[in-house]
Amino acid sequence: MDILQTDIKNILGLGPKWRTLFMEDMDISTFDDLLQLYPYKYVDRSRIFQICDITNEMPFIQICGRFVTMQTLGTGRQQRLSAMFTDGTGQIEVLWFQGLNYVQRQINYNDEFVLFGKPSVFGGRFSIVHPEMERADRAQISAGSLQPMYNTSERMKRAGLNTKSIQKLMNQLFNIQLQATVNETLSYRILNEYHLVNRSTALRIIHFPQNYKDLEKAVFRLKFEELFFVQLGILRNRNINRHKQAGIKFSEVGPLLTDFYKKHIPFEPTNAQKRVVREIWSDLQSGHQMNRLIQGDVGSGKTLVALMAMLIVVGNKLQACMMAPTEILATQHYEGLSSFVKDMPIRVELLTGSTKKKSLILKDLAEGKIDILVGTHALIEDTVIFAHLGMAIVDEQHRFGVQQRAKLWKKGIIPPHILVMTATPIPRTLAMTVYGDLDVSVIDELPPGRKPVRTEHYFHQKRNNLNAFLRQQLQLGRQIYVVYPLIEESESLDYKNLTEGFEYMKDAFKEYNVCMVHGKMKADEKEAAMQSFVSGQAHIMVATTVIEVGVNVPNASVMIIESAERFGLSQLHQLRGRVGRGADQSFCVLMTSEKLSNETRQRMQIMVDTTDGFRIAEADLQLRGPGNIEGTQQSGLPFSLHIADLAKDARLVQYTREAAEKILSEDPLLQAPDNQGMAQRLSILKASSINWSSIS
């Protein structure tokens, strides 16, 4: 057994109370877990500050001098010890609220002391509360000495488990219980190729650094290791699954795709669409099940690419299906696909919860008379049986649970090829980790002739100007979305709510029809309201984000997003994508209060500056981090990241991906002697982590 898997109860000085706090508050139960409790910052303990130089901006300081006065103030719980400390350049008050008798016994006016703590201002003068204190002749002050600072929970702090006590535990662990070198986890080849320090050295330096140069090397090594094993785990899992999972092998594209491209395609595909179709065709010839994600911004033409893939399948006498998260989106896909192939010998049907001739569709599907079936989660019901399912396409896949998707994949005699589509652009560094078990195709080009949506940022006091503009658009025959973040009034949040907004729009635009849609409505009421807008009967739709995906109204040219500060970049971009689908110039107006944080102002400016979903996704990743990017939560990472950051370490993600690919291309099962340590580490990490979603 690896010594690092030893329970932390075996660390001398760690009692049961602290062990429980580590386990419950920090999920730390082994030596290995504790070593990965990395400091969040370091304080330079090599410098002695002069009291006269202290400023408000200093987080921690170290001063050297003598105590000149000391007195006990207050009574009971208000009792405190106040001492004046001087270094000859000035004086500072030092305060203690606990352990007063112990402190008094330590202080001798003739001795020189080194104090370390955080200065604060009270009553117009600086003070330090509960500093670390050592006699100057015993203090360890050396050039480049850095003090690590550790994150702890409030419960841990109350129990006395703070940075200093964690340092003592680390010292006990390293210098007494881990006297032997910690086992290396990376191969010698990787250590040499990427100029990495060994793991034992890196761990010792990160907890006991002497200078920033060594610390930088240790941090790089540990970040590399984390990201490398994430990539190694994902790629190895994908390779194993694909080796096991045979797929339907196609030797020719078939007559339907050729006929469609020659006679029926409505416009010339973009170069990006052509590239993605070639990538899909390569998968279909491989003999292994295709597992491919298509990323494409709103309006980039993902549906046409999906159709061309399905035409290959249908042209080879098999069936295809497409599953969408909402009935309206499924209906739009059905209508779009039907119009594309209306002059071709292909039968397309729609299956949703409200489909009336369901029994006839199910019968014909089982007999192989339906070529393409489009639907909602109704497709995964047990009564839905395909004669020969060759391809399953899932749109906006993050809106379906893993079990739902798995049911769909089991409907083929041989597992069908899988094509996943999302209109939520994800930065490449995140896609290769979150969707690491999928091959990723990107449609990064919009069809020619589409006019970018013009985006403006308005404050609420410009409401009258906005209304005049909206009236002008309505007089031109256009339709308008108005999106609110809340359904009911919130006493704690000063945001306009949906119901007030609905009444306001009805009053401000009396001569026009206004409908309202929100998530608390009954399904049939919601569908009826949406259909009234789709048909043009309603001119203004006031809604929550339920319209983010699933409404395609080319005549809608204006998107008003109320309280836009409540939304993340990805969601703002998705909402904006509801307009700009027709030939007319479209507009998006971001309405906010004037009281905005710097980060919120950045978000608004990014939306105004660009309509490129991938640029927005990169900015979102930088601002909010990977855990908050829409669509990434349920996929997750195979192992937790303790020190690496997908947003800040994008280049390192690429390096580790390449390193993992190179290793696995030469040694897929990690059986070579030099790779044994990596195989063992991967096994330990997998055993201690939750199984991540796999498409296979």
Side-chain angles (χ1 to χ4, degrees), residues 1-8 10 27-38 173-174 177-207 217-245 432-433 436-437 636-644 649 652-692 694 696:
M1 174 181 168
D2 186 340
I3 190 173
L4 294 186
Q5 301 312 305
T6 306
D7 193 304
I8 56 172
N10 292 292
D27 197 25
I28 291 173
S29 59
T30 66
F31 288 3
D32 197 15
D33 296 335
L34 185 60
L35 289 177
Q36 291 181 88
L37 175 60
Y38 299 124
L173 184 58
F174 266 106
Q177 295 181 264
L178 293 178
Q179 292 180 2
T181 302
V182 173
N183 288 341
E184 182 55 68
T185 55
L186 298 175
S187 68
Y188 292 117
R189 173 180 167 181
I190 287 180
L191 291 176
N192 293 331
E193 187 170 342
Y194 293 94
H195 308 290
L196 304 173
V197 298
N198 66 59
R199 187 165 191 250
S200 180
T201 300
L203 286 170
R204 184 175 291 277
I205 289 173
I206 203 162
H207 292 293
K217 291 179 181 178
V219 168
F220 180 79
R221 151 67 206 231
L222 295 171
K223 283 185 175 185
F224 187 101
E225 178 179 338
E226 273 193 352
L227 293 170
F228 173 78
F229 280 108
V230 165
Q231 299 296 344
L232 194 68
I234 289 170
L235 290 171
R236 189 175 182 220
N237 184 65
R238 182 180 72 172
N239 291 347
I240 290 171
N241 284 341
R242 290 191 179 179
H243 184 72
K244 289 179 183 175
Q245 197 64 74
M432 70 172 61
T433 48
D437 52 346
L637 300 176
F639 318 124
S640 299
L641 297 180
H642 300 281
I643 190 169
D649 300 316
L652 195 52
V653 171
Q654 184 66 47
Y655 286 159
T656 55
R657 177 76 166 194
E658 292 168 0
E661 286 175 339
K662 191 184 297 184
I663 290 292
L664 290 175
S665 68
E666 298 171 1
D667 184 13
L669 300 179
L670 300 177
Q671 293 176 328
D674 193 30
N675 295 335
Q676 291 289 298
M678 296 191 297
Q680 183 181 2
R681 182 62 178 169
L682 193 60
S683 176
I684 290 170
L685 288 170
K686 287 182 72 173
S688 62
S689 67
I690 300 170
N691 288 332
W692 65 98
S694 173
S696 299

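Side-chain contact between L173 and H207: absent, with no pair of heavy atoms (C-beta onward) separated by less than 4.5 Å. A 4.5 Å side-chain heavy-atom check between L203 and L222 finds at least one atom pair inside the cut-off. Annotation: side chain of L227 is in contact with side chain of L641 (closest heavy-atom distance under 4.5 Å). Proximity of Q36 to Y38: side-chain heavy atoms (C-beta onward) are separated by under 4.5 Å at one or more points.
Put simply, CZ on F224 and CG on D649 are 12.0 Å apart, with the number rounded to the nearest 0.5 Å. Atom OG1 in T185 sits 8.5 Å away from atom CG in L685 (nearest 0.5 Å). Once rounded to the nearest 0.5 Å, the distance linking CD of E225 with CD1 of I643 reads 10.0 Å. A distance of 6.5 Å separates CD1 in I663 from CD in E666, rounded to the nearest 0.5 Å. With values rounded to the nearest 0.5 angstrom, R236 atom CZ is found 15.5 Å from Q231 atom CD. A distance of 7.5 Å separates CZ of R681 from CG of L4, quoted to the nearest 0.5 Å.
Applying the side-chain contact (heavy atoms from CB on, under 4.5 Å) test to D33 and every residue at least two apart in sequence or in another chain returns I28, S29, T30. For K217, there are no salt bridge (charged side-chain N to carboxylate O under 4.0 Å, His left out) partners at least two apart in sequence or on another chain. Among residues two or more places apart in sequence or in another chain, the ring pair (Phe, Tyr, Trp, His ring centres under 6.0 Å) test is passed with F220 by none. Listed by chain and number, the residues in a ring pair (Phe, Tyr, Trp, His ring centres under 6.0 Å) with Y655 amount to none (sequence neighbours excluded). By the side-chain contact (heavy atoms from CB on, under 4.5 Å) test, A679 is found to be paired with L670, residues two or more places apart in sequence or in another chain being considered. Remark: E661 pairs with R657 by the salt bridge (charged side-chain N to carboxylate O under 4.0 Å, His left out) rule, at least two apart or across chains.
Nearest heavy-atom pair across R221 and L186 is CZ-CD1, 3.6 Å. Between D667 and A672, the closest heavy-atom pair is OD2-N, 2.8 Å. Between Y194 and A659, the shortest heavy-atom distance links the atoms OH-CB, 3.4 Å. The two residues K223 and A644 come nearest to each other via the heavy atoms CG-CA, 3.9 Å. Here the shortest heavy-atom pairing between F31 and I8 reads N-CG2, 3.9 Å. N675 and S187 make their closest contact through OD1-CB, 3.9 Å (heavy atoms, listed as atom of the first residue, atom of the second, distance).
Remark: D27 CG is loosely packed, at most 12 non-hydrogen atoms of other residues, nucleotides or ligands lying under 6.0 Å away.
Judged by distance alone, the side chain of Q5 and the main-chain N or O of D32 form no donor-acceptor pair under 3.5 Å. Using modelled atom types, one side-chain atom of E226 and one backbone atom of H642 make a donor-acceptor pair closer than 3.5 Å.
No hydrogens or angles considered: a donor-acceptor pair under 3.5 Å links the side chains of E658 and Q654.
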